[in-house]
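Bear in mind the structure is a predicted one, so any value in this text is a computation, not a measurement. Remember, it's 1-based here, ligands and their atoms both numbered in the order they're listed.
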Amino acid sequence: MSKENFEAFSRTKRNMEKQGKEWKQESEKKPQQTTAESLKEPMNAFSNIKNVIGVVSGKGGVGKSFVTSSLAVQMAKKGYKVGILDADITGPSIPKMFGIKEQVVGDHRGMLPIETKEGIKVISINLLMENEEAPVIWRGPVIAGVVKQFWNETCWGDLDYLFVDMPPGTGDVPLTVFQSLPVEGIVIVTSPQELVQMIVKKAYNMANMMKIKVLGVVENFSYLLCPDCGKQIKLFGESHIDDVASELNIEVLGKLPLNPEAAQIADEGRFFEIENEELLSRAIEVLESKEKINS
Ligand SMILES: Nc1ncnc2c1ncn2[C@@H]1O[C@H](COP(=O)(O)OP(=O)(O)OP(=O)(O)O)[C@@H](O)[C@H]1O
C-alpha cells in the first residue's frame, strides 16, 4: 500500500475506532429521543453537494451500477458537476467501468476522490486497495461505517449530483445511506423477470418506510435488438414494469436494452462512450427538475 493510501486508510480505521467508542458512550447515556434528522451525518466541510441520488435494486445483477454510471455520464455531458459514491463495498464495479485505477490519497481536507478524464469524481473501496482483486471480508457495521466515511470524510468539492451506487437488497448499507445521508430521492433499477417485480416492491417499501422519495424505476435488460431485423427480442420474457409502476404510482424513467456493444465498452473502462441519452431522457428530465428545485 502506498504511503498516502496507508495514511488515508489509517485515518479511516482510527475514525472507525473513535466512532465505536462514541457509540458505546452514547449507548451508555440515558435513552434520548432519536429523530430521523439527528441520525444525519454532516457533509465534509469541503463538500458542497446539491443533490444526493441513491440508485438501488432489490436484487443483484440487474445492472444497477450500469444505470448509475449511465445517469452520471448523461448528467456530466449536460454540464453538471457529478460524483459517484460506490457504496457497493463488497462488489465495487464503478472504477472498472470508467477505467480508473489510481489510488485515493488524502490531505487535511479528507479523502480526495479520483476524477475520470471527463471530470466525474469517484470514490470506491477499490480505489483504496492496492490489489483490486482482494476481497473485502468485513461485517455489516464496518462496511456501513466505511460508506459513512465516503460521505463525511471525502472532500467532494462542489457537486450538482452525487449518485450513490448501493449494494443490492435492503441490508445494512441502504439503511445507513437512507439514515445518514440527505438522499433527495432514489432510482430503482430492475429487470423484466417476474420475481424481480416483488423485489422492486421491497425496495419501494423500504424507501417509503424511511421517507425517501422514489423518483422512478429504470428497467434494464428490457430487450435485445436483433442485429439483422431490428426487432425487439424479449430475452427475459414480457415486461411487467408498467403495471408495477402504476400500481405503486411511480414513474418508469427508462427501459434499457441489453446492448452487447455497451457491455464491451463498459468492460474496457470507456463508459463515457456509451450512447443512451435518448433512452434515459425522462430520467434526465426528472433529475434536472431536482436541480432546479434545489438551486
Ligand atoms: N443494458 C446493458 N447492456 C449491456 N451490458 C449491461 C447492461 N447492463 C449491465 N450490463 C453489464 O452487466 C454486468 C452487470 O451489471 P452491473 O454491474 O451494473 O450489475 P449490478 O446490478 O450493479 O450488479 P451487483 O448487484 O452484483 O452489484 C456488467 O458487466 C455491466 O456492464
Side-chain angles (χ1 to χ4, degrees), residues 53-74 84-100 116 120 122-127 132-133 135-138 140 143-144 146-147 150 163-174 177 186-193 195-200 202-203 206 217-227 232-237 239 241 252-283:
I53 307 292
V55 184
V56 309
S57 68
K59 156 186 183 304
V62 296
K64 170 187 44 60
S65 304
F66 186 93
V67 171
T68 306
S69 300
S70 300
L71 294 174
V73 164
Q74 292 311 328
I84 303 178
L85 188 165
D86 186 358
D88 197 350
I89 304 292
T90 55
S93 36
I94 300 291
K96 186 163 171 21
M97 287 179 170
F98 287 96
I100 47 178
T116 68
I120 297 179
V122 177
I123 197 108
S124 167
I125 196 72
N126 260 13
L127 302 173
E132 63 172 16
E133 286 163 13
V136 169
I137 313 172
W138 297 338
I143 293 178
V146 171
V147 171
F150 282 177
F163 291 95
V164 182
D165 185 21
M166 307 268 211
T170 51
D172 268 343
V173 168
V177 171
I186 60 161
V187 173
I188 301 177
V189 182
T190 181
S191 60
Q193 297 101 315
L195 159 81
V196 174
Q197 310 313 319
M198 176 264 286
I199 293 167
V200 167
K202 278 192 200 290
M206 179 179 190
V217 56
V218 172
E219 186 178 71
N220 192 30
F221 301 139
S222 271
Y223 54 90
L224 172 76
L225 278 182
C226 170
Q232 291 190 3
I233 303 166
K234 309 278 181 183
L235 276 176
F236 295 107
S239 166
I241 197 62
V252 178
L253 299 176
K255 294 181 183 176
L256 299 181
L258 193 165
N259 176 349
E261 197 194 340
Q264 189 180 343
I265 297 177
D267 271 351
E268 290 170 3
R270 300 183 285 119
F271 208 94
F272 226 80
E273 293 170 29
I274 296 175
E275 301 281 346
N276 48 20
E277 186 181 343
E278 260 178 51
L279 296 162
L280 288 170
S281 57
R282 182 59 195 148

Does the protein come close to atom 14 (C) of ligand 1 - that is, does one of its heavy atoms sit below 4.0 Å from that atom? no
T68 side, atom OG1; F163 side, atom CZ - distance, nearest 0.5 Å: 8.5 Å
Pick from L279, N259, T90: the one approaching atom 3 (N) of ligand 1 most closely through a non-hydrogen atom: N259
Decide whether an N or O pair under 3.5 Å exists between S65 and ligand 1. yes
May I ask you to identify the nearest protein heavy atom to atom 16 (P) of ligand 1, giving residue, atom name and distance to one decimal place in Å? G63 CA, 3.7 Å
Shortest protein contact, atom 24 (P) of ligand 1 (heavy atom only): G61 N, 3.6 Å
For atom 17 (O) of ligand 1, state which one of P260, S93, S69, S70 supplies the nearest heavy atom. S93
protein heavy-atom neighbour closest to atom 29 (O) of ligand 1 works out as D267 OD1, 4.2 Å
Using distance alone, decide if ligand 1 has a nitrogen or oxygen within less than 3.5 Å of any nitrogen or oxygen in G91. no
Drop me the distance from D86's CG to S93's OG, to the nearest 0.5 angstrom. 6.0 Å
List the closest protein heavy-atom neighbour of atom 12 (O) of ligand 1: residue, atom name, distance to the nearest 0.1 Å. F221 CZ, 4.1 Å
Below 3.5 angstrom, do we get any N/O pair linking P168 and ligand 1? no
Residues A87 and P167: closest non-hydrogen pair is O-CD, 3.3 Å
Would you mind listing which atoms of ligand 1 come within a distance below 4.0 Å of any non-hydrogen atom of P257? 1 (N), 2 (C), 3 (N)
Among all protein heavy atoms in this structure, tell me which lies nearest to atom 28 (C) of ligand 1, with the distance rounded to 0.1 Å. M97 CE, 4.3 Å
What protein heavy atom sits nearest atom 5 (N) of ligand 1, and how far away is it? A263 CB, 3.4 Å
How close does the nearest protein non-hydrogen atom get to atom 10 (N) of ligand 1, and which residue and atom is it? F66 CD1, 3.7 Å
Would you say the side chain of S70 lies within less than 4.5 Å of the side chain of F271, judging by non-hydrogen atoms? yes
Please determine whether side chain to side chain contact (heavy atoms under 4.5 Å, CB included) holds for the pair L85 and V164, giving the CA-CA distance in whole Å, both sets of side-chain angles, and the decisive distance to 0.1 Å. CA-CA 5 Å; L85 188 165; V164 182; 4.3 Å; yes
Between V62 and ligand 1, is there a nitrogen or oxygen pair with a distance under 3.5 Å? yes
Can you list the atoms of ligand 1 that are under 4.0 Å from a heavy atom of N220? 1 (N), 2 (C), 7 (C), 8 (N), 9 (C)
Need the ligand 1 atom indices (1-based, order shown) with element for anything under 4.0 Å from a heavy-atom of G60. 25 (O)
For F236 and F221, take the angle between the two ring planes, folded into 0 to 90°, and tell me which bin it lands in: parallel under 30, tilted 30 to 60, perpendicular over 60. tilted
Going by heavy atoms in the side chains, are P174 and M206 under 4.5 Å from each other? yes
Between K64 and P168 (side chain of the first, backbone of the second, donor and acceptor by atom type, cut-off under 3.5 Å), is there such a pair? no
To the nearest 0.5 Å, what is the distance between CG on L224 and CD on Q232? 10.0 Å
Would you mind checking which non-hydrogen protein atom is closest to atom 27 (O) of ligand 1, with the distance to 0.1 Å? D88 OD2, 2.8 Å
Check each of T116, I274, I120 against V73 using the side-chain contact (heavy atoms from CB on, under 4.5 Å) test, and report the only one that passes. I120
Does L279 offer a backbone N or O that forms a donor-acceptor pair with the side chain of N276 under 3.5 Å? no
Please could you name the atoms of ligand 1 that A266 approaches to less than 4.0 Å, counting only its heavy atoms? 31 (O)
Quick check: closest heavy atoms across L253 and V218, and the distance to 0.1 Å? CB-CG2, 4.0 Å
What about K59: any of its N or O atoms under 3.5 Å from an N or O on ligand 1? no
